[in-house]
Peer 1: 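What follows is a single structure, and I will ask about it in a moment.
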Amino acid sequence: MRAAIAAHDAGADVAVVSKLHPTRSHSGAAEGGINAALGNAADDSPETHAFDTVKGSDYLGDQDAIEIFTAEAPGDIYQLEHWGAVFSRAADGRLAQRPFGAAGSPRTVFAADITGHVLIQVLYEQLVKRDIKVYEEYFAWQLVVDDDRCQGVLAWDLLHGGLKAVGAKTVVLATGGQGRIYRVTTNAYACTGDGSAMALRAGLPLKDMEFMQFHPTTLYPTGILLTEGCRGEGAYLINKDGERFMKRYAPNALELASRDVVSRSEMTEIEEGRGINGSVMLDMRHLGAERIIERLPGSRELAMTFAGVDPIYEPVPVRPGAHYHMGGVETGNEGETELTGLYAAGEVACVSVHGANRLGGNSLMETITFGRRAGTAAAEWALTHTTITAGESILADAERELKRLLDREKGERPWQIREDLGSSMLENFGVFRYGDRMEKQIEIIDELRERYQHVVVEDKGDIFNSDLTQAIELGYCLDLAACMLQAGLARQESRGAHSRPKDYPNRDDESFMKHSITRWNFEGDGPELSYKPVRFTKYQPEERKY
């Protein structure tokens with residue numbers, strides 16, 4: 001939505017294609033806040049924000065992109081506020097800012113603990129105000145590539161049925177993450193890596209696919225997110241003995257160490273027998289009812305609804321869950337990809353601001369800052385080039401492919417393959433990675449991809465055929481999982497969210513201070529790996545200490 005607004009304001013004719021109604025996007029589930037160095041709560045600067053982001057990324061973030069991001073974030077926050085984002089305020093009337101993990105200053109602007117919900121409503125208002133056309137419940141399935149440029153998308157019309165070509169001079173991918181590759185995830189059911197898979201199948205490179213962040217506080221047993229804002233407000237993590245165990249793992253930062261550190265600490269407690277039913281406890285009781293109700297009302301409601309626990313009176317069971325994918329479609333600082341006419345922004349893209357580990361509060365800001373930049377760049381290109389209509393043959397080929405899938409009468413339904421993928425990824429490519437388990441998971445994915453070739457769609461209808469879309473989404477997830485495993489097995493070190501405690505427990509800057517680049521080998525029908533250097537400006541690698 002931010003890209004569409006920027007493109008419209010630059011003078012372009014814009015439409016949004018979405019498989020959901022826009023306000024149902026998973027960004028609406030973002031809770032804790034959005035980072036910008038406003039300096040309202042303590043001394044802060046874009047330079048400090050940049051250093052925190054570089055350090056948090058375990059030095060795999062591209063520093064030129066990070067410096068652009070942190071410099072432009074304050075202006076974007078003020079613009080959102082002027083558009084009507086109702087952020088929480090301090091007693092002096094300025095925008096309130098709370099501390100978040102691995103941040104050198106409390107810089108997270110927030111709207112209680114429903115920040116994503118507030119932002120998504122504000123942005124949708126701006127779409128409506130500009131009368132920007134939204135093709136909602138259009139399931140984008142393939143990029144239209146003709147004459148060596150991207151000229152639109154092919155989408156399945158969920159409401160009316162049938163495949164539709166949406167032509168465009170430029171396309172911005174903003175399809176979010178792929179957490180549904182895992183059985184336990186904070187992600188919505190829509191987060192199936194559609195944009196990354198479409199780019200991969202169009203021959204584009206994906207970057208840093210091995211880095212999947214696990215959020216430390218997801219509700220047991222559902223995996224629903226409890227915001228980092230709980231710990232930002234002062235909540236403790238305790239084990240079955242009531243010990244505040246982060247004192248042993250990060251004696252200075254404690255619960256506000258970076259997410260990879262906290263997740264690993266929790267898993268160590270659980271695996272060594274100091275957990276409760278495969279979880280640890282998030283204790284907010286000392287914050288008091290008034291603070292919890294004012295600052296964390298959504299988290300309290302989630303805990304009461306899905307865990308049967310009121311955090312005012314008792315600790316909440318939590319454990320790490322798949323949360324955010326640092327990898328994605330390789331882009332430049334304007335969101336441009338190597339395919340002319342195609343741009344990407346947000347979680348689907350890898351600029352790379354987050355490197356090997358994302359800081360809490362940086363993802364919402366990334367969607368706004370790089371959404372705006374990608375929208376502006378896409379509009380400028382579109383306004384200076386002529387349209388070339390995509391050939392009818394592309395649509396006909398795609399319709400034949402869909403017909404083959406729908407005509408299949410015998411085979412396996414998608415749900416079992418999806419369940420096997422999610423469970424095995426959690427088991428073999430989770431918070432900790434082990435060489436033998438990753439090799440086993442590659443074999444499992446190969447077997448699942450073979451089973452997928454015979455998958456059957458029971459619903460043959462045109463209208464709201466979720467059976468069809470879920471089968472397509474499963475194919476996306478399987479391809480992306482194969483890319484993640486190949487890159488993970490090849491990265492023989494521990495960096496950020498990629499932790500190999502037994503065989504390669506240390507970071508290896510000499511061999512692996514580089515980005516993984518994955519392309520699809522169409523002849524071999526599998527991923528192909530290469531590397532690119534990290535872009536440095538002024539921050540040299542040092543050991544991370546918390």
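Note that this is a predicted model, so its numbers are computed, not measured.
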Peer 1: Can you find a pair of side-chain heavy atoms, one from Gln63 and one from Thr53, that are under 4.5 Å apart?
Peer 2: no
Peer 1: Any Lys/Arg nitrogen of Asp58 or Arg507 sitting under 4.0 Å from an Asp/Glu carboxylate oxygen of the other?
Peer 2: yes
Peer 1: Out of Glu210, Arg433, Arg491, Glu493, which residue meets the side chain to side chain donor-acceptor pair (under 3.5 Å) rule with His498?
Peer 2: Arg433
Peer 1: Among residues at least two apart in sequence or on other chains, which ones pass salt bridge (charged side-chain N to carboxylate O under 4.0 Å, His left out) with Glu334?
Peer 2: Arg373
Peer 1: Roughly how far, to the nearest 0.5 Å, is the CD1 atom of Ile120 from the CD atom of Glu125?
Peer 2: 12.5 Å
Peer 1: Using a strict threshold of under 4.0 Å (side-chain N to carboxylate O), is an ion pair present between Arg500 and Asp503?
Peer 2: yes
Peer 1: Going by heavy atoms in the side chains, are Ser511 and Gln492 under 4.5 Å from each other?
Peer 2: no
Peer 1: Please list, chain by chain and in numerical order, all residues satisfying side chain to side chain contact (heavy atoms under 4.5 Å, CB included) with Leu38, sequence neighbours excluded.
Peer 2: Ala36, Asn40, Pro74, Ile77, Tyr78, Leu95, Gln97, Val109
Peer 1: Given side chains that start at C-beta, do those of Asn35 and Arg107 come closer than 4.5 Å, heavy atoms only?
Peer 2: yes
Peer 1: Is there side-chain contact between His323 and Thr185, with at least one heavy-atom pair below 4.5 Å?
Peer 2: no
Peer 1: Would Lys502 and Phe432 satisfy side chain to side chain contact (heavy atoms under 4.5 Å, CB included), going step by step from the backbone distance to the final call?
Peer 2: CA-CA 9 Å; Lys502 286 192 175 172; Phe432 294 122; over 6 Å; no
Peer 1: Quick one: closest heavy-atom pair of Leu282 and Cys230, and the distance?
Peer 2: CD2-CB, 4.0 Å
Peer 1: Check ring-ring contact (aromatic ring centres under 6.0 Å, His included) between Tyr539 and all other residues, then give those that pass, not counting sequence neighbours.
Peer 2: Phe51
Peer 1: In terms of side-chain geometry, is the basic nitrogen of Glu72 or Arg372 positioned less than 4.0 Å from the acidic oxygen of its partner?
Peer 2: yes
Peer 1: Do the side chains of Arg244 and Glu255 get close enough for a salt bridge, i.e. N-O under 4.0 angstrom?
Peer 2: yes
Peer 1: Could you tell me if Arg319 sits above the aromatic ring of Tyr220, with its cationic atom closer than 6.0 Å to the ring centre and no more than 45 degrees from the axis?
Peer 2: no
Peer 1: At their closest point, which heavy atom of Val86 faces which heavy atom of Val118, and how far apart are they?
Peer 2: N-CG1, 3.7 Å
Peer 1: Using the test salt bridge (charged side-chain N to carboxylate O under 4.0 Å, His left out), find all partners of Glu266 that sit at least two apart in sequence or belong to another chain.
Peer 2: none
Peer 1: Go through the steps for Tyr343 and Thr170 under the test side chain to side chain contact (heavy atoms under 4.5 Å, CB included), then give the verdict.
Peer 2: CA-CA 8 Å; Tyr343 300 76; Thr170 53; 3.9 Å; yes
Peer 1: What is the minimum heavy-atom distance between Pro533 and Asp62, and which atoms define it?
Peer 2: O-OD1, 4.4 Å
Peer 1: How about Tyr324 and Asn357: do any of their side-chain heavy atoms sit closer than 4.5 Å?
Peer 2: no
Peer 1: Do Tyr531 and His515 have side chains that approach each other closer than 4.5 Å (heavy atoms only, starting at C-beta)?
Peer 2: no
Peer 1: Can you sort out the partners of Thr369 under side-chain hydrogen bond (donor to acceptor under 3.5 Å, both in side chains), two or more places apart, ordered by chain and number?
Peer 2: Asp76
Peer 1: Check whether NZ of the Lys or CZ of the Arg Lys247 lies under 6.0 Å from the centre of the six-membered ring of Tyr249 and within 45 degrees of that ring's axis.
Peer 2: no
Peer 1: If we ignore angles and hydrogens, is there a donor and acceptor under 3.5 Å between the side chains of Glu336 and Thr331?
Peer 2: no
Peer 1: Answer whether the closest heavy-atom distance between the side chains of Asn277 and Pro317 falls below 4.5 Å.
Peer 2: no
Peer 1: Should Glu366 and Arg358 count as an ion pair when the cut-off is N to O under 4.0 Å?
Peer 2: no
Peer 1: Check step by step if side chain to side chain contact (heavy atoms under 4.5 Å, CB included) holds for Phe87 and Glu81.
Peer 2: CA-CA 7 Å; Phe87 292 121; Glu81 199 265 338; 4.1 Å; yes
Peer 1: Tyr182 and Phe214: aromatic ring centres closer than 6.0 Å?
Peer 2: yes
Peer 1: Whether Arg231 and Glu228 form a salt bridge (side-chain N of Lys/Arg under 4.0 Å from carboxylate O of Asp/Glu) is what I want to check.
Peer 2: yes
Peer 1: Look at Arg300 together with Asp113 and state whether they make a salt bridge at an N to O cut-off of under 4.0 Å.
Peer 2: no
Peer 1: Could you note down all residue pairs passing side-chain hydrogen bond (donor to acceptor under 3.5 Å, both in side chains) where residues 23-32 supplies at least one of them, sequence neighbours left out?
Peer 2: His21-Thr23
Peer 1: With a 4.5 Å heavy-atom cut-off, do Thr186 and Ile224 have their side chains touching?
Peer 2: no
Peer 1: Is it the case that Arg180 places NZ or CZ above or below the six-membered ring of Tyr189, under 6.0 angstrom from the centre and within 45 degrees of the axis?
Peer 2: yes
